[in-house]
Amino acid sequence: MKGKKLKTGEIENALNRFLKDEQHLVLGFKKDESGVSHHIFKGSLDHYSLLNPVFGANAALYLRRLFSKGSQVMLMLRPCEIRACVELNKLTQIEREDIIAVSIDCPGTVSSKEKKEEVPAELHELNDYFKNKDSMRWACSVCGEKRAVVGDAGIRIDEKGNYWAIPYTEKGEVLLSLIDGEPEEVPAELLAAKEQKKDKFQVDMEIFNKDFEKCIMCMNCRDMCPVCYCIDCVFNGDEYLPKGDALLNKVFRIGSVKMPRGKDLFHFIRMYHVSQTCVGCGACEEACPQGIPLTKYFKGVSERLQDIFSYMSGRSFDEPIPYVTFLEDELKDATD
Ligand code: SF4
Ligand code: SF4
Ligand code: SF4
């Protein structure tokens, strides 16, 4: 596989060339005095940062319902963000024409709720910092795909610390064409198969009940999940979570209830809805004001289900989501 080794400043040069077209935008990270945050650049880059070691939200959230044609956004994001964009494209929530999705090797992230000022900015310091797995968000410590091998192209970092731009699709070639120099063979270590990491996830209902006891049903987890995209969520109306008169009518019909009611149903329906598209990013947990360890449930359930179908959310634009396909012969080897 061929790619281009990036000289210092070359990725910024390439993105600035891309931004010369007034219909082009770049969604990536900007570093300023308040830290690093998601930013949409128009015209030219300004304090661009390739990495952001602090996780607040999954940027795919900002792209849902991107339908209008004519503009093009170069996404320079973490693998879990690109994977969520790939899933949203398959769910017809992002127009394929509108994006060039570039993933970037991810060293892991800390939660935006923690002491972000302690997190080093340079990659080599960051790798040292994350040698202690406790300093990483739990979602990152069990992340199944930190490598920039998803999307249209990837920015990979080899063992010597060299940065590479590697195209995976025709759209990825657009990024490569903006970079000076000739393509060359990429180092073998960047092509090595992924280490298979299987972790134990929580399935015990007693522990589930204990963990979710604190849930106040604010639904932030739903609102910040990049792949929980329904406009007409069943939990917005009175059907599942009645309020006011509808609530009192229900109580008169079924008797006294503990409030807030419907917690289990909310989380189970959400778990079922995102089970094939969840990318394990932990944005739900990040958004929870009650500190509920949501990722271990959502990632756990979704990875087990995706494994049954030999599917991995966001791995490829071309791989159909299992629940939108029907195969007569599938699930013969399912053990779960
Ligand atoms: S979940 Fe994976 S890709 Fe996403 S921020 Fe964490 S380590 Fe990076
Ligand atoms: S359920 Fe949580 S971990 Fe899964 S995609 Fe949504 S926010 Fe990310
Ligand atoms: S964000 Fe936390 S408290 Fe709010 S509904 Fe989700 S799990 Fe419950």
Side-chain angles (χ1 to χ4, degrees), residues 29 36 38 51-61 64 77-88 91 103-113 119 126-127 130 133 135-151 154-155 194 197 199 201 208 211-230 233 235 241 260-303 305-306 312-314:
F29 301 113
V36 189
H38 284 119
L51 301 173
N52 179 1
V54 180
F55 190 100
N58 185 318
L61 188 75
R64 293 193 314 210
L77 298 170
R78 306 170 178 116
C80 62
E81 297 180 289
I82 294 298
R83 287 175 57 203
C85 292
V86 170
E87 291 304 287
L88 288 173
L91 293 162
S103 54
I104 300 160
D105 271 358
C106 181
T109 61
V110 298
S111 163
S112 64
K113 295 172 190 163
V119 187
L126 208 51
N127 286 335
F130 283 140
K133 289 270 179 210
S135 52
M136 215 179 251
R137 284 188 317 134
W138 188 82
C140 297
S141 70
V142 294
C143 177
E145 194 51 279
K146 288 184 164 85
R147 303 170 311 156
V149 293
V150 291
I155 305 293
K194 166 186 153 186
K197 240 188 192 178
D199 293 273
F201 293 99
F208 174 93
D211 279 341
F212 285 83
E213 178 64 29
K214 292 182 286 179
C215 175
I216 52 173
M217 286 296 281
C218 64
M219 301 196 214
N220 284 355
C221 47
R222 174 200 68 178
D223 294 346
M224 294 307 285
C225 171
V227 294
C228 209
Y229 67 92
C230 301
C233 175
F235 290 100
L241 298 179
R261 68 186 296 278
K263 277 198 273 190
D264 292 356
L265 197 62
F266 170 70
H267 292 294
F268 289 148
I269 287 187
R270 212 179 86 69
M271 222 176 266
Y272 161 70
H273 277 190
V274 303
S275 57
Q276 297 193 18
T277 51
C278 168
V279 294
C281 63
C284 46
E285 184 167 327
E286 185 66 21
C288 178
Q290 296 295 82
I292 297 171
L294 288 151
T295 323
K296 68 182 179 185
Y297 294 98
F298 281 79
K299 183 179 161 74
V301 166
S302 65
E303 280 194 355
L305 192 82
Q306 290 174 29
M312 179 184 163
S313 55

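Note that ligands are numbered from 1 as they come in the structure, with each ligand's atoms numbered from 1 the same way.
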### Message
Can you confirm if the aromatic rings of Tyr272 and Phe268 lie within a centre distance of less than 6.0 Å?
### Response
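They do not qualify: ring centres at least 6.0 Å apart.
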
### Message
Are His267 and Phe212 an aromatic pair, judged by ring center distance below 6.0 Å?
### Response
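Yes, they do, as the ring centres are separated by less than 6.0 Å.
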
Looking only at protein heavy atoms, which one is nearest to [atom], and what is the separation?
atom	result
atom 8 (Fe) of ligand 3	Cys215 SG, 2.3 Å
atom 2 (Fe) of ligand 1	Cys143 SG, 2.3 Å
atom 6 (Fe) of ligand 3	Cys221 SG, 2.4 Å
atom 4 (Fe) of ligand 1	Cys80 SG, 2.3 Å
atom 3 (S) of ligand 3	Ile216 N, 3.4 Å

### Cys106 contact mode with ligand 1 (heavy-atom cut-off under 4.0 Å)
side chain

### Message
Check contact between His267 and ligand 3, using heavy atoms of the residue and a distance below 4.0 angstrom.
### Response
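In this structure, His267 qualifies as a contact of ligand 3 - some heavy atom is under 4.0 Å.
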
### Message
Using heavy atoms and a 4.0 Å limit, tell me yes or no: is Cys228 in contact with ligand 2?
### Response
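Cys228 does not count as a contact of ligand 2 under the 4.0 Å cut-off.
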
### Task
Mark the output for Arg137 as yes if a heavy-atom distance to ligand 1 is under 4.0 Å, and as no if none is.
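Per 4.0 Å heavy-atom rule, Arg137 contacts ligand 1.
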
Of all the atoms in ligand 2, which lie at a distance below 4.0 Å from a heavy atom belonging to [X]?
X	result
Phe298	1 (S)
Arg270	1 (S)
Cys225	1 (S), 5 (S), 6 (Fe), 7 (S)

Does one side chain, of [X] or [Y], offer a donor that lies under 3.5 Å from an acceptor on the other?
X	Y	value
Glu87	Ser313	no
Ser112	Glu286	yes
Ser111	Arg137	no

### Query
Relative to the heavy atoms of Met217, which atoms of ligand 3 are at a distance of less than 4.0 Å?
5 (S), 8 (Fe)

#### Entry: Ligand-residue contact atoms, ligand 3 with Met219, heavy atoms, under 4.0 Å
4 (Fe), 5 (S)

### Message
With a 4.5 Å cut-off on side-chain heavy atoms, are Val110 and Pro53 touching?
### Response
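The answer is no; the side chains never approach within 4.5 Å.
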
### Task
Answer yes or no: is there a side-chain heavy-atom contact under 4.5 Å between His38 and Glu81?
yes

### Query
How many angstroms lie between atom CH2 of Trp138 and atom NZ of Lys296, to the nearest 0.5 angstrom?
7.5 Å

### Message
One thing to verify: whether Glu145 and Arg147 come together as a salt bridge, which I'm taking to mean a side-chain N less than 4.0 angstrom from a carboxylate O.
### Response
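Salt bridge between Arg147 and Glu145, a charged N being under 4.0 Å from a carboxylate O: yes.
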
### Task
Give a yes or no on whether Cys218 keeps an N, O or S atom under 2.8 Å from atom 4 (Fe) of ligand 3.
yes

